[in-house]
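All figures in this text were calculated on a predicted structure; none of them were measured in a lab. Letters A, B, ... mirror the listed sequences (proteins, then strands); counts begin at 1. Excluded from the calculations below are hydrogen atoms, water molecules and symmetry mates; all remaining heavy atoms, backbone and side chain alike, are included.
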Amino acid sequence: MYHFNNSRSKKCKLKIMIKIDLKLFVTLSKYLPKDSGCLEIPEETTVEKLILDVGIPLEFVKLIFINGKRQDSNYRLKNNDRVGLFPPVGGG
Amino acid sequence: MATSKFEGRYDRNFNTLSLEEQKILGASEVAVIGLGGLGGGVCEMLARVGVGHLTLIDGDFFESSNLNRQLLSEEHLIGIPKAQAAKNRVNAINSEVIVKHLVEYVDESNLYERIKNADVVMDCLDAIDTRFMLQKTAQKASIPIVFGAIAGVTGQVTTIFPGDKGYELIYGQKSRKQSKGVETKTGNIAYCALFVAALQSSECLKILLDRGDILRNKLLIAELWTNTFDIMDLV
């Protein structure tokens with residue numbers, strides 16, 4: 001579904017694509033495609049859709065940061081957004 | 001300080017700290033809740049820097065799986081209460097610190113009484129639902145909380161003042177809370193625990209001395225495989 005850097009699918013040709021930087025923390029890191037955090041996605045994609053499209057069960061994500069600020073999963077992504085996703089961290 | 005049995009004990013605190021600030025620390029009381037990977041490091045650092053009164057609470061006893069990271073654990077202390085080991089360690093480092101230790105798990109019935117005189121509460125717990133309870137109680141007592149949490153080589157630190165949303169911003173609504181995080185899958189590595197404990201101790205001092213930048217409504221995140229260190233806005 002998502003494409004790295006300059007690759008585009010026919011399916012997404014008519015949509016305006018944006019680039020985002022995705023960082024997945026702790027146990028979520030295994031869902032990061034091809035060890036690269038730079039993804040090309042359709043403009044206005046919500047974080048919730050992004051999470052589902054990269055294959056992470058929604059309930060695994062506890063904290064969403066966009067450009068260093070906490071956001072909800074209905075945030076609509078913009079070009080060059082930096083996205084960080086955390087599972088719950090509770091150890092002491 | 002001048003009255004110390006060990007003249008010069010705090011010499012290397014100066015002049016990062018002033019004599020006046022050292023006295024403030026000596027008169028301060030901090031409650032450390034949870035004496036595992038985070039709490040053990042926090043005890044060590046607060047005792048050395050000169051916080052005068054420590055209340056140390058944990059109902060747990062040491063087991064072998066603690067030895068990989070918990071500063072207070074030693075092979076010959078397996079089966080010993082963590083709170084007892086903490087008291088002994090603080091006494092050995094700095095006998096001028098007045099220590100109250102309690103071998104008990106905190107709950108809604110006992111926590112308020114235990115922390116009500118503290119200037120700061122250090123949340124070094126390992127259960128998310130207990131953290132929510134701690135926040136509720138500390139806010140009732142109008143005491144700031146310094147939060148630390150770890151999983152693997154990832155850590156989080158923030159400071160919560162009375163009236164702040166606190167854990168709701170980190171773990172979501174209380175109704176959706178869960179007891180444990182992903183640390184049940186990742187374990188915890190010693191240097192990450194002590195790194196986060198150091199950041200918590202720093203936050204504690206800044207609150208006590210009303211100095212520096214405090215992580216209020218901000219979450220410091222650290223991920224040590226990638227050397228990611230960042231401060232996120234929670235509101």
Side-chain angles (χ1 to χ4, degrees), chain A residues 2 4-5 19-39 46-52 54-92, chain B residues 33-40 42 58 69-70 122-131 147-156 167 169-172 176-188 192-193 196-197 200 217-219 221-223 225-226 228 230-235:
Chain A
Y2 290 109
F4 296 95
N5 304 322
K19 285 179 183 172
I20 61 153
D21 183 65
L22 178 63
K23 191 166 175 64
L24 302 176
F25 288 89
V26 208
T27 46
L28 302 183
S29 60
K30 65 182 177 191
Y31 294 97
L32 195 65
K34 296 182 188 171
D35 293 327
S36 168
C38 186
L39 301 183
T46 63
V47 177
E48 179 171 321
K49 185 166 189 320
L50 172 72
I51 291 168
L52 292 170
V54 295
I56 305 172
L58 265 184
E59 66 272 20
F60 285 15
V61 178
K62 195 53 84 172
L63 262 176
I64 299 163
F65 292 110
I66 312 289
N67 304 325
K69 187 176 188 322
R70 181 184 173 279
Q71 297 286 356
D72 294 324
S73 60
N74 58 8
Y75 175 90
R76 292 186 180 278
L77 291 159
K78 296 166 186 61
N79 198 30
N80 296 321
D81 273 349
R82 289 179 296 112
V83 182
L85 304 179
F86 270 95
V89 172
Chain B
I33 317 297
L35 297 165
L38 298 177
V42 165
D58 197 321
R69 70 197 185 284
Q70 297 190 14
M122 306 299 283
D123 177 357
C124 302
L125 290 160
D126 63 358
I128 294 168
D129 48 359
T130 314
R131 292 181 189 271
F147 158 88
I150 49 173
V153 295
T154 298
Q156 298 178 340
Y167 295 141
L169 298 173
I170 298 171
Y171 294 118
R176 282 158 44 192
K177 71 185 185 289
Q178 52 193 103
S179 180
K180 296 284 181 182
V182 292
E183 65 280 357
T184 54
K185 292 178 182 157
T186 61
N188 287 304
C192 184
V196 169
Q200 286 183 274
N217 290 322
K218 293 175 186 297
L219 187 70
I221 58 166
E223 204 286 322
W225 290 129
T226 55
T228 298
D230 218 334
I231 296 172
M232 305 297 195
D233 291 321
L234 287 170
V235 294

Can you tell which part of [X] gets under 4.5 Å to a heavy atom of chain A, answering side chain, backbone, both or neither?
{"X": "L35(B)", "answer": "neither"}
{"X": "T184(B)", "answer": "neither"}
{"X": "I150(B)", "answer": "both"}
{"X": "V196(B)", "answer": "neither"}
{"X": "A197(B)", "answer": "neither"}
{"X": "R69(B)", "answer": "neither"}

task = May I ask you to name which of I221(B), D123(B), L169(B), N188(B) has the most heavy-atom pairs under 4.5 Å with chain A?
result = L169(B)
note = Greatest number of non-hydrogen atom pairs under 4.5 angstrom with chain A, of G155(B), G36(B), G181(B), falls to G181(B)
message = Here's a test for you: under side chain to side chain contact (heavy atoms under 4.5 Å, CB included), which of V235(B), I170(B), L234(B), N217(B) qualifies with R70(A)?
response = L234(B)
query = Between V89(A) and E183(B), what is the shortest heavy-atom contact and its length?
reply = C-OE1, 3.9 Å
ask   = G90(A) and A149(B): which non-hydrogen atoms are nearest, and at how many Å?
value = CA-CB, 4.1 Å
Kindly compute the distance separating [atom1] ([X]) from [atom2] ([Y]), expressed to the nearest 0.5 Å.
{"X": "I128(B)", "Y": "K62(A)", "atom1": "CD1", "atom2": "NZ", "result": "7.0 Å"}
{"X": "L63(A)", "Y": "M232(B)", "atom1": "CG", "atom2": "CE", "result": "9.0 Å"}
{"X": "F25(A)", "Y": "T226(B)", "atom1": "CZ", "atom2": "OG1", "result": "6.5 Å"}

inquiry  = Report which part of F86(A) has an atom under 4.5 Å of a heavy atom belonging to chain B: side chain, backbone, both, or neither.
reply    = side chain
ask   = Does the pair L219(B) and F65(A) meet the rule for a side chain to side chain contact (heavy atoms under 4.5 Å, CB included), with working shown?
value = CA-CA 10 Å; L219(B) 187 70; F65(A) 292 110; 3.9 Å; yes
inquiry  = Does K185(B), at its NZ atom, have more than 12 non-hydrogen atoms belonging to other residues, nucleotides or ligands within less than 6.0 Å?
reply    = no
